[in-house]
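Below: the structure, in structure tokens.
Chain A is the first sequence line, chain B the second, and so forth, proteins listed ahead of strands; every chain is numbered from 1.
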Protein chains: 2
Amino acid sequence: MLNVGAAAKASGLPKKTVRYYADIGLVEPSGRSEAGYRVYAEAEIQKLIFARRARAFGFSIDACRELLDLYTDTSRSSADVKRIAERRLGELYAKMRDLQALCDELSILVEACRGDDRPDCPIITTLAAPPREGG
Amino acid sequence: MLNVGAAAKASGLPKKTVRYYADIGLVEPSGRSEAGYRVYAEAEIQKLIFARRARAFGFSIDACRELLDLYTDTSRSSADVKRIAERRLGELYAKMRDLQALCDELSILVEACRGDDRPDCPIITTLAAPPREGG
DNA sequence: TTAAGGGTTCCATCTACTGGAAGGTCAAGA
DNA sequence: TCTTGACCTTCCAGTAGATGGAACCCTTAA
């Protein structure tokens with residue numbers, strides 16, 4: 001049975017985050033010591049690790065909640081898990097597309113900017129009046 | 001001279017955001033009417049539009065502040081503008097790389113998951129104990 | 001006994017807004 | 001003149017996901 005500091009070390013999460021996850025009910029400690037300290041059993045440590053990795057994949061806290069439910073439910077359907085992961089993958093693709101478009105536009109501007117001590121600057125000009133805002 | 005609603009329409013920003021930008025001193029109104037209404041002159045409308053476009057490029061509010069300073073400073077050096085844009089471009093590239101790696105990993109997992117009514121699921125398994133966390 | 005190093009709670013802060021309540025202002029119509 | 005509705009104002013709260021710090025309690029070893 002580990003207290004919050006040891007649980008943090010074992011899970012790879014900051015102490016603050018372990019407490020935060022307890023507060024929001026994402027991963028609650030197995031119980032409390034007599035002094036009121038949070039105590040974590042092995043199963044909860046595993047959940048903390050699972051949560052950390054799911055967060056690293058960019059799953060939202062709510063998605064992590066769903067995934068943790070499925071993780072602990074050994075009679076789950078893999079279809080349910082897949083659905084959540086596909087949803088996240090869709091978000092990732094969408095964000096990638098947006099970022100790519102932004103990168104493309106911005107790098108064109110950066111390359112077009114001489115970057116000297118004169119004031120003329122296509123970056124400023126474009127932000128003030130972009131060439132094709134309507135379409 | 002436009003009040004906040006008209007300025008919002010003219011700039012393409014929500015009213016709330018125009019007020020917010022005034023509050024944080026990003027784009028302040030030219031003045032106030034006798035009744036205390038914010039009033040915006042053409043120059044401030046241009047700044048609002050500029051800010052909106054800079055935000056659309058993902059520049060932070062602080063970066064927008066710098067850019068607006070340069071926008072209004074006609075004796076600016078384009079090098080200063082370029083530096084800010086390059087910084088942002090670096091962030092974008094970094095985020096793209098992270099997202100790409102995430103997409104790659106997650107799509108492998110999604111494809112490996114049968115998505116049926118059985119519990120076995122490589123997504124769950126990987127989140128619980130990824131194959132190569134240490135390297 | 002005391003000091004270090006745990007732990008606890010609660011509140012504030014971060015980003016960039018957004019929503020809503022309570023109340024003042026203004027122009028038009030009855 | 002009164003009212004109605006659409007404006008405007010300020011202020012407070014909330015969003016996501018933590019993180020930092022203050023004030024205070026617990027434990028243990030010297």
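- Annotation: side chain to side chain donor-acceptor pair (under 3.5 Å) contacts of A:Glu86 (sequence neighbours excluded): none.
- The outermost nucleotides of DNA chain C lying under 4.0 Å from heavy atoms of chain B, listed 5' to 3', are C:dA16 to C:dC26.
- Of the inter-residue distances, the one linking B:Asp116 atom CG with A:Lys82 atom NZ reads 9.0 Å to the nearest 0.5 angstrom.
- A:Arg55 has a side-chain polar atom (N or O) that falls below the 4.0 Å cut-off from OP1 or OP2 of D:dA18.
- Remark: the backbone N or O of A:Leu13 is not paired with any side-chain donor or acceptor of A:Thr17 at under 3.5 angstrom.
- Under the salt bridge (charged side-chain N to carboxylate O under 4.0 Å, His left out) criterion, A:Arg83 pairs with A:Asp80, sequence neighbours left out.
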I'd like a table of atom pairs between the protein and nucleotides 27-29 of chain D - only N or O on both sides, under 3.5 Å - with the distance next to each one.
none

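- Residues satisfying the side chain to side chain contact (heavy atoms under 4.5 Å, CB included) criterion with B:Ala128, sequence neighbours excluded, are A:Phe50, A:Tyr71.
- Within the model, atoms OH of B:Tyr21 and CZ of B:Arg55 stand 5.5 Å from one another, a figure rounded to the nearest 0.5 Å.
- Every residue was checked against the side chain to side chain contact (heavy atoms under 4.5 Å, CB included) condition with A:Glu111, not counting sequence neighbours, and none meets it.
- In the region residues 15-25 of chain A, proximity to DNA chain D at under 4.0 angstrom, judged on heavy atoms, holds for A:Lys16, A:Thr17, A:Tyr20, A:Tyr21.
- For B:Glu28, there are no side chain to side chain donor-acceptor pair (under 3.5 Å) partners, not counting sequence neighbours.
- Distance CD1/A:Ile124 to CG/B:Leu67: 5.5 Å, rounded to 0.5 Å.
- Listed in residue order, the members of residues 56-69 of chain A having a heavy atom less than 4.0 Å from DNA chain D are A:Ser60, A:Ile61.
- For the salt bridge (charged side-chain N to carboxylate O under 4.0 Å, His left out) test, no residue two or more places apart in sequence or in another chain qualifies with B:Arg76.
- Within residues 2-13 of chain A, the residues approaching DNA chain C are A:Asn3, A:Val4, A:Gly5, by heavy-atom distance under 4.0 Å.
- In the helix from C:dT1-D:dA30 to C:dA30-D:dT1, the rotation axis of the first five pairs and that of the last five pairs differ in direction by 40°, rounded to 10 degrees.
- B:Leu2 and B:Val39 are not part of a single hydrophobic cluster, where members link through side-chain heavy atoms under 4.5 Å apart.
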